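Being a predicted model, the structure only gives us computed values, none of them experimental.
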Amino acid sequence: MSTASLPANPDPSPGPQHIAIIMDGNGRWAKARRLPRVAGHRRGADAVRKIIRGAGELGVPVLTLFAFSTENWTRPADEVSDLMGLLRHYLRNELEELGRNGARLRVIGDRDRLARDIVRDIADAETRTRSNTRIDVNICINYGSRDEILRATRNLARRVAAGEIAADRIDEAAFERELLTAGVPDPDLLIRTSGEQRISNFLLWQCAYAEFVFVDTLWPDFGKEHLEQAIAEFRKRERRYGGVGT
Ligand code: IPE
Ligand code: IPE
Ligand code: MG
C-alpha cells in the first residue's frame, strides 16, 4: 500500500489526560534581572494564568500545578509572606478568569498550616468554580508527598485498629482514596521547568508511570508553546508499564 492512500494526519497517540507541572525558576528569573525574588513570583503567577488558558485550549482535561511545598516554609520569612500574599491575591482576583477558561479549581495540600482567611478564600474559590467543566485545575499548596503518604497510612491504620477494614484488604484503590488527590487520575506527563531534574517530594505515588519532561525554561518564561512542545515530546514516548511494548 502506498502512503498516499493513508488517511491524512493519522495520530494514534493520544495526548496527556493529566499534566502535572513543577513550576520552578522564579527566583533565578528575578536574579537574572537583578530584581527581588518576589518579582519572579509575580511573573510566575502571570505564567499560571497563561498556562491554564493554554492547557484548556489544547484540550488537556486535568492540570496540576505545584505552587508551594511543605519544605518551602524553610525559606526566609519575607519570601514566605510574599508567596502567601500572592496566593491571597490570586484566589481573590482570578475567579473570573478561571470562569472564562471553564476551569474548576481544587487546592491540594495540608490546609492546617495556612492562614484562616486563605483557607476561607480557597473554599470560596472551589465553590465558585465547581460547575466549570472544561479543565480541572489542581493547585498544590503546602503539599508534600511524604506527608500525604504518612497521613494516608495513619488513617488506614486507625481504620484497621477500629475494625473497619482488614489489613489484607488495603489495596491500591483503598490507599488512593486516602490520598489528597483522591478522585484525580494519575498524571501521565510531569513537566519541571528551570533545568532541575528532580521530583522534590511531588506526587511520589501518583507519578509511578508518568513520563517526565524537563525543560530549561524558567517558569515565568514558560508559555503555551512550551506546553505544546512538552506534549509533542510525550506523544513520542512509548509507554510500556513494565511490559515489552509494541
Ligand atoms: C518556584 O520558583 C516557586 C516556588 C518554589 C514557590 P523558585 O522560587 O524555587 O525559584 P528558584 O528555584 O529559586 O529559581
Ligand atoms: C519545588 O521547587 C516546589 C515548587 C515548585 C512549589 P523547589 O525550588 O522548592 O525545589 P528544590 O528545593 O529546588 O528541590
Ligand atoms: Mg526552585
Side-chain angles (χ1 to χ4, degrees), residues 16-29 37 40-41 44-45 47-48 51-52 54-55 60-75 79-80 83-84 86-87 90 103 105-114 118 122 135-155 172 175-222 226-227 230-231 233-234 237 239 241:
Q17 298 300 295
H18 178 181
I19 300 180
I21 308 182
I22 302 178
M23 309 184 287
D24 199 10
N26 294 350
R28 278 162 283 168
W29 185 94
R37 290 178 62 86
H41 295 315
V48 167
I51 287 306
I52 292 175
V60 176
V62 185
L63 179 69
T64 298
L65 303 171
F66 200 8
F68 191 90
S69 76
T70 47
E71 289 73 31
N72 288 147
W73 296 106
T74 62
R75 294 190 177 199
E79 181 166 349
V80 170
L83 285 166
M84 291 299 146
L86 277 170
L87 176 59
Y90 186 88
L105 185 74
R106 169 163 164 182
V107 171
I108 293 178
D110 175 12
R111 298 184 192 187
D112 290 349
R113 204 170 163 183
L114 301 176
I118 292 184
I122 289 173
I135 180 167
D136 279 352
V137 175
N138 306 308
I139 302 194
C140 298
I141 296 165
N142 193 24
Y143 174 84
S145 200
R146 286 189 168 184
D147 181 63
E148 172 189 42
I149 288 169
L150 283 174
R151 278 159 182 270
T153 307
R154 285 188 210 110
N155 284 343
E172 289 191 12
F175 196 78
E176 278 166 3
R177 279 194 294 274
E178 299 296 333
L179 295 175
L180 292 165
T181 52
V184 180
D186 285 345
D188 30 30
L189 169 58
L190 175 79
I191 301 170
R192 182 168 187 150
T193 59
S194 87
E196 306 298 348
Q197 304 194 356
R198 54 177 171 263
I199 196 156
S200 299
N201 201 15
F202 189 46
L203 303 176
L204 301 178
W205 168 284
Q206 297 86 341
C207 282
Y209 273 102
E211 294 294 329
F212 288 17
V213 171
F214 298 108
V215 299
D216 287 334
T217 312
L218 301 173
W219 175 251
D221 293 326
F222 192 84
H226 300 98
L227 189 65
I231 293 173
E233 167 67 31
F234 171 88
R237 304 270 177 97
R239 307 186 78 195
Y241 301 100

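- Proximity of Glu71 to Asn201: side-chain heavy atoms (C-beta onward) are separated by under 4.5 Å at one or more points.
- Note on residues 179-192: pairs passing salt bridge (charged side-chain N to carboxylate O under 4.0 Å, His left out), not counting sequence neighbours, are Asp24-Arg192.
- Here the shortest heavy-atom pairing between Val137 and Ala103 reads CG2-CB, 3.9 Å.
- Residues satisfying the side chain to side chain contact (heavy atoms under 4.5 Å, CB included) criterion with Leu180, sequence neighbours excluded, are Ile108, Tyr143, Glu148.
- In this structure, the salt bridge (charged side-chain N to carboxylate O under 4.0 Å, His left out) partners of Glu79, at least two apart in sequence or on a different chain, are Arg37, Arg75.
- Annotation: side chain to side chain contact (heavy atoms under 4.5 Å, CB included) contacts of Ala55 (sequence neighbours excluded): Val60, Leu63, Ile135, Leu227.
- By the ring pair (Phe, Tyr, Trp, His ring centres under 6.0 Å) test, His18 is found to be paired with no residue, residues two or more places apart in sequence or in another chain being considered.
- Scored by the side chain to side chain contact (heavy atoms under 4.5 Å, CB included) test, Ala152 finds Phe175, Glu178, Leu179 as partners (sequence neighbours excluded).
- Among residues two or more places apart in sequence or in another chain, the salt bridge (charged side-chain N to carboxylate O under 4.0 Å, His left out) test is passed with Arg239 by Glu211.
- Separating the CG atom in Leu189 from the CD atom in Glu233 is a distance of 9.0 Å, to the nearest 0.5 Å.
- Listed by chain and residue number, Arg28, Arg198 satisfy the salt bridge (charged side-chain N to carboxylate O under 4.0 Å, His left out) test with Glu196 (two or more places apart in sequence, or in another chain).
- For the salt bridge (charged side-chain N to carboxylate O under 4.0 Å, His left out) test, residues two or more places apart in sequence or in another chain that qualify with Arg111 are Glu126.
- No side-chain heavy atom of Met23 sits less than 4.5 Å from a side-chain heavy atom of Phe222.
- Distance check, rounded to the nearest 0.5 Å: OG1 of Thr181 to CG of Leu203 gives 7.0 Å.
- Judged as a side-chain hydrogen bond (donor to acceptor under 3.5 Å, both in side chains), and not counting sequence neighbours, Thr153 has no contacts.
- Closest heavy-atom contact between Ser145 and Trp205: OG-N, 4.1 Å.
- Closest approach of Leu114 and Asp110 over heavy atoms only: CG-O, 4.1 Å.
- Side-chain contact between Val184 and Arg106: present, with at least one pair of heavy atoms (C-beta onward) separated by less than 4.5 Å.
- Between Asn26 and Pro220, the closest side-chain pair of non-hydrogen atoms falls below 4.5 Å.
- Every residue was checked against the ring pair (Phe, Tyr, Trp, His ring centres under 6.0 Å) condition with Trp29, not counting sequence neighbours, and none meets it.
- When the side chain to side chain contact (heavy atoms under 4.5 Å, CB included) test is applied to Ile199, the partners found at least two apart in sequence or on another chain are Leu190, Phe202, Leu204, Cys207, Phe212.
- The closest side-chain heavy-atom distance from Ile139 to Ile122 is not below 4.5 Å.
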